There are 2 protein chains.
Amino acid sequence: MSSELTSIRSGSLSAQAFGVIKDAIFTGQIQPGEAIRELHLARSLRVSQATVREALAQLESAGLIVRQANRRTTVTSFTREEVRDRLELRMLLEERAAVLAAARASREDLAELGKLAGGIAEAIAAGDHYEHVQADIRFHRFIWALAGSAILCQTLDHLTTPLFAFLAVIHQASQRQLGTTRPHERIVKAMRGRDEAKIRAEVRAHIEGSYAEFLTSPAETVRAFVEGRIDVS
Amino acid sequence: MSSELTSIRSGSLSAQAFGVIKDAIFTGQIQPGEAIRELHLARSLRVSQATVREALAQLESAGLIVRQANRRTTVTSFTREEVRDRLELRMLLEERAAVLAAARASREDLAELGKLAGGIAEAIAAGDHYEHVQADIRFHRFIWALAGSAILCQTLDHLTTPLFAFLAVIHQASQRQLGTTRPHERIVKAMRGRDEAKIRAEVRAHIEGSYAEFLTSPAETVRAFVEGRIDVS
DNA sequence: ATATTATCGATTATCGATAATTGTGGCATA
DNA sequence: TATGCCACAATTATCGATAATCGATAATAT
């Protein structure tokens with residue numbers, strides 16, 4: 001019956017390494033564009049290079065890092081145009097997901113979704129930047145899962161995970177208060193109403209808001225990560 | 001100056017291994033659902049297990065194989081529902097890509113696209129199944145690239161690559177003649193006309209046609225790969 | 001007979017060490 | 001001064017070997 005006493009928080013070494021590095025990226029301990037050295041990481045995590053490489057392969061698959069063969073590995077960074085393109089595509093998919101989810105969601109699902117939206121507001125109120133981002137991800141992931149298409153969920157995950165990480169660091173560095181329009185609550189409300197046009201409009205507004213927040217970030221903060229990103233060597 | 005005499009067809013060992021295994025999957029030498037053993041592969045490719053694992057990590061990232069931790073690695077197989085969901089999502093993205101591409105394509109681009117469509121017809125006429133699939137992929141990839149959004153291109157690639165591989169094997173096994181409606185030429189023609197509604201309609205028709213071809217594949221062929229895929233253990 | 005545990009072969013995960021690659025700075029040369 | 005070449009340090013890629021894990025089967029107990 002109740003198994004997994006020790007293993008709840010362990011998993012394979014490479015999976016643990018994956019988690020540690022992922023958190024380091026989301027918190028900005030390793031910043032966008034910064035290099036990751038395999039042997040250094042291996043020493044600091046007390047594992048072998050092979051284990052680190054396995055973790056790096058997964059991180060690359062998640063889009064959180066970029067590996068250049070025989071050269072180096074860096075944390076993913078985006079130009080303004082890349083952020084724009086990703087958000088545009090995200091809008092297309094997220095609209096569909098929200099509409100499908102609204103059609104399939106039970107009353108309990110919507111209640112749970114409301115709780116998740118509340119969790120975001122709480123994290124913001126508490127000033128917990130890391131928890132804010134994680135709660136935001138959980139909220140959206142829940143909608144994606146409700147949509148009932150595994151591939152849609154997976155695609156949105158791949159599309160947005162590196163973006164969440166990047167924007168989290170940008171915004172953390174710029175120390176601004178975000179999400180004051182409570183767009184998540186608005187989306188939940190629209191889904192409750194099951195009005196497709198309204199749902200689409202709220203989703204669009206939310207993502208357009210994200211883009212606006214990004215664009216109005218202090219220019220010097222963004223530039224620090226974005227500029228010189230294209231390797232001219 | 002002209003370097004890369006030997007290296008043109010080489011690259012790293014893991015990249016070569018990746019290519020070999022990928023081809024084996026596309027040709028059906030390793031069939032959907034079939035297991036891949038790391039040490040066996042390593043011996044047959046004359047490389048170490050680490051190199052094979054690196055290649056497998058990339059193949060998993062491409063969606064061509066599925067790795068179950070501590071258990072085994074199998075070639076990706078899809079249920080009918082998974083094929084349907086993937087094609088539905090593909091339709092959404094492919095429509096957008098084709099519309100964007102048509103708006104940005106030069107006369108030369110469209111000529112090149114016409115050539116690629118012709119290449120597909122040639123491969124079909126020659127009865128070269130493998131080349132048919134590769135030409136098909138090149139055709140679509142060209143459109144995606146024309147769309148001008150790297151992330152859209154990448155997302156479509158991730159979405160469709162495993163699907164192309166799976167359907168190629170299914171259709172190869174069922175020995176049927178496909179693509180007789182020349183849908184690719186129709187798409188090119190619509191793009192030449194730059195009529196958005198027409199482009200969308202042709203793209204939809206093409207993908208719906210793919211799905212219909214899949215659905216009407218000999219049931220026993222599909223069942224061989226699809227059934228019992230869900231691990232009940 | 002059924003359920004639980006022990007054991008074994010096969011396979012994956014991890015390790016430590018070595019080989020290959022890349023960028024850099026010094027040095028020679030024009 | 002500018003340019004090409006070479007050794008060196010740093011890093012990634014690959015190797016061979018060992019450890020850990022899993023599934024199946026055999027053994028045991030109820």
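Values below: all heavy atoms of this structure, side chains included; hydrogens, waters and symmetry mates excluded. Note on naming: letters A, B, ... go to the chains in the order of the sequence lines (proteins, then strands), and numbering restarts at 1 for each one. From a predicted model like this one, the values you see are computed outputs, not experimental measurements.
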ask   = Looking only at N and O atoms, is any donor in the side chain of B:Gln49 or the base of C:dA13 less than 3.5 Å from an acceptor on the other one?
value = yes

request  = Would you tell me if any nitrogen or oxygen in the side chain of A:Arg72 comes within less than 4.0 Å of OP1 or OP2 on C:dT22?
outcome  = no

query = B:Ile65 CD1 to C:dT11 P: how many Å, rounded?
reply = 16 Å

message = Between B:Arg67 and A:Glu54, does any side-chain N to carboxylate O distance fall below 4.0 Å?
response = yes

query = Taking only N and O in the side chain of A:Arg53, is any of them less than 4.0 Å away from OP1 or OP2 of D:dA13?
reply = yes

key: Nearest non-hydrogen partners of B:Ala97 and B:Ala147, listed with the distance   = O-CB, 3.6 Å

Whole-Å distance separating the CD atom of B:Glu54 from the P atom of D:dA13 = 6 Å

message = With a 4.0 Å limit, can you tell me whether A:Arg71 has a side-chain N or O closer than that to the phosphate oxygens OP1/OP2 of C:dT22?
response = no

inquiry  = Tell me whether B:Glu122 is salt-bridged to B:Lys115, with the criterion being a basic N under 4.0 Å from an acidic carboxylate O.
reply    = no

key: Phosphate contact (C:dA13 OP1 or OP2) by A:Ser14 side-chain N/O below 4.0 Å   = no

request  = Might you point out which heavy atoms bring A:Ala105 and A:Leu146 nearest each other, and give the distance in Å?
outcome  = CB-CD1, 4.0 Å

Proximity to the side chain of B:Asn70 - top-ranked nucleotide from C:dT12, C:dC15, D:dT11 = C:dT12

query = Within the pair A:Thr51 and C:dC15, is there a side-chain N or O less than 4.0 Å away from OP1 or OP2?
reply = yes

key: Atom pair distance, as rounded to whole Å: CD in B:Glu38 and C1' in D:dT21   = 13 Å

side-chain hydrogen bond (donor to acceptor under 3.5 Å, both in side chains) between A:Trp144 and A:Glu94, worked out = CA-CA 8 Å; A:Trp144 306 339; A:Glu94 193 102 41; 2.6 Å; yes

message = With nearest nucleotide decided by heavy atoms, which residue, B:Leu39 or A:Val52, maps closer to the 5′ end of DNA chain C?
response = B:Leu39

query = Would one find a side-chain N or O of A:Ser48 under 4.0 angstrom from OP1 or OP2 of C:dC15?
reply = yes

query = Contact class for A:Leu41 vs. all strands (heavy atom < 4.0 Å): base, sugar-phosphate, or nothing?
reply = nothing

inquiry  = Considering every strand and a 4.0 Å limit on heavy-atom distances, what is the contact class for B:Leu56: base, sugar-phosphate, or nothing?
reply    = nothing

